[in-house]
Amino acid sequence: SPPAETHQKISVNGDTLAYTARTGYLPLHNATTGQSEAHLFYTSYFKDGVSDASARPLLFFLGGAPGVSAAWQEFGGFGPKRMRWADDGAAGEPPYGWVDNPGTLLGQADLVFVNPVGTAFSRPDQPSRGPSFWSTAGDIASLAEFVRSFLNTANRRNSPLFLAGEDFGTGRVAGLAAFLHEHQIPVDGVV
């Protein structure tokens with residue numbers, strides 16, 4: 001099904017930044033059979049009013065260790081909203097909430113937070129297929145297919161492409177950058 005979509009605005013340094021948020025699943029298809037093998041869950045944020053999307057950078061965020069989603073990158077620091085913390089930096093008491101994130105990178109690039117197969121809501125279509133994704137080669141190949149499919153679906157093949165990872169995600173991003181380069185998808189930078 002198509003991703004869920006909302007249109008929102010935040011205040012960043014006194015300026016209003018309007019954006020479109022989408023969240024959903026992108027199927028990964030087998031290159032030989034065309035059959036779907038897994039669905040990766042993602043959230044994307046695109047700045048509204050951009051006249052030339054091909055000139056606007058696109059930044060993919062990937063989580064760290066196995067099972068760690070990109071949610072901490074999204075809501076802990078780089079997305080347009082972040083968790084509201086108590087004055088002492090703790091999560092505080094309920095009710096929990098969100099605040100505009102003045103440190104978001106959305107002013108500089110469109111953002112995509114993606115979760116590898118087996119992380120958050122990303123799942124193989126058949127549970128028995130899971131182990132084929134849970135190796136270094138399987139993980140990188142599936143994420144490369146996600147990036148390729150996302151670029152095509154969003155019509156962003158010509159946008160400058162950046163990859164960001166944290167913790168163990170740094171190795172994942174390095175491998176993914178090499179894999180994409182080998183498959184004629186240029187990467188402009190790695191964080």
Side-chain angles (χ1 to χ4, degrees), residues 2-26 40-64 68-116 119-122 143 146-147 150-170 172-174 176-177 180 185-191:
E5 179 176 300
T6 64
H7 300 276
Q8 301 182 32
K9 295 178 183 177
I10 61 169
S11 178
V12 178
N13 300 323
D15 293 327
T16 299
L17 193 150
Y19 64 94
T20 299
R22 292 181 184 92
T23 189
Y25 294 92
L26 189 67
L40 269 63
F41 184 78
Y42 71 93
T43 304
S44 67
Y45 301 97
F46 286 13
K47 183 179 176 183
D48 291 344
V50 173
S51 59
D52 183 8
S54 68
R56 183 160 169 81
L58 188 59
L59 177 55
F60 286 84
F61 287 92
L62 303 157
V68 176
S69 75
W72 280 113
Q73 294 169 328
E74 182 176 0
F75 300 117
F78 300 112
K81 298 281 187 178
R82 65 177 171 80
M83 294 172 20
R84 179 183 12 223
W85 297 99
D87 291 338
D88 65 358
E93 298 293 322
Y96 302 107
W98 306 102
V99 296
D100 291 353
N101 182 9
T104 184
L105 297 177
L106 186 56
Q108 293 75 35
D110 290 335
L111 312 174
V112 181
F113 297 88
V114 60
N115 296 304
T119 304
F121 298 116
S122 296
L143 289 169
F146 174 87
V147 170
F150 190 92
L151 292 173
N152 288 337
T153 301
N155 196 24
R156 297 294 295 268
R157 284 288 301 209
N158 294 323
S159 296
L161 175 62
F162 293 86
L163 306 172
E166 56 90 19
D167 195 18
F168 284 99
T170 56
R172 173 180 277 144
V173 165
L176 178 57
L180 290 170
I185 300 175
V187 175
D188 294 279
V190 173
V191 180

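Numbers for residues simply follow the sequence, beginning at 1.
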Just to verify, what does [X] make a salt bridge (Lys or Arg N to Asp or Glu O under 4.0 Å) with, not counting sequence neighbours?
| X | answer |
| --- | --- |
| Asp48 | none |
| Arg157 | none |
| Arg22 | Glu5 |

For [X], side chain to side chain contact (heavy atoms under 4.5 Å, CB included) partners two or more places apart:
| X | value |
| --- | --- |
| Thr6 | Gln8, Ala21 |
| Asn13 | none |
| Asp15 | none |
| Val191 | Ala164 |

Sequence neighbours left out, what passes side chain to side chain donor-acceptor pair (under 3.5 Å) with [X]? Give chain and number order.
| X | value |
| --- | --- |
| Asp52 | Ser54 |
| Thr104 | none |
| Asn158 | none |
| Ser122 | none |

> Does the ring center of Phe121 lie less than 6.0 Å from the ring center of Tyr25?
Replying inline: no

>> Could you work out, with ring-ring contact (aromatic ring centres under 6.0 Å, His included) as the rule, every residue matching Phe150, not counting sequence neighbours?
In response: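 Result, ring-ring contact (aromatic ring centres under 6.0 Å, His included) vs Phe150: Tyr42, Phe60, Phe146.
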
> Under 4.0 Å between a Lys/Arg side-chain N and an Asp/Glu carboxylate O for Asp100 and Lys81?
Replying inline: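 Lys81 and Asp100: salt-bridged.
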
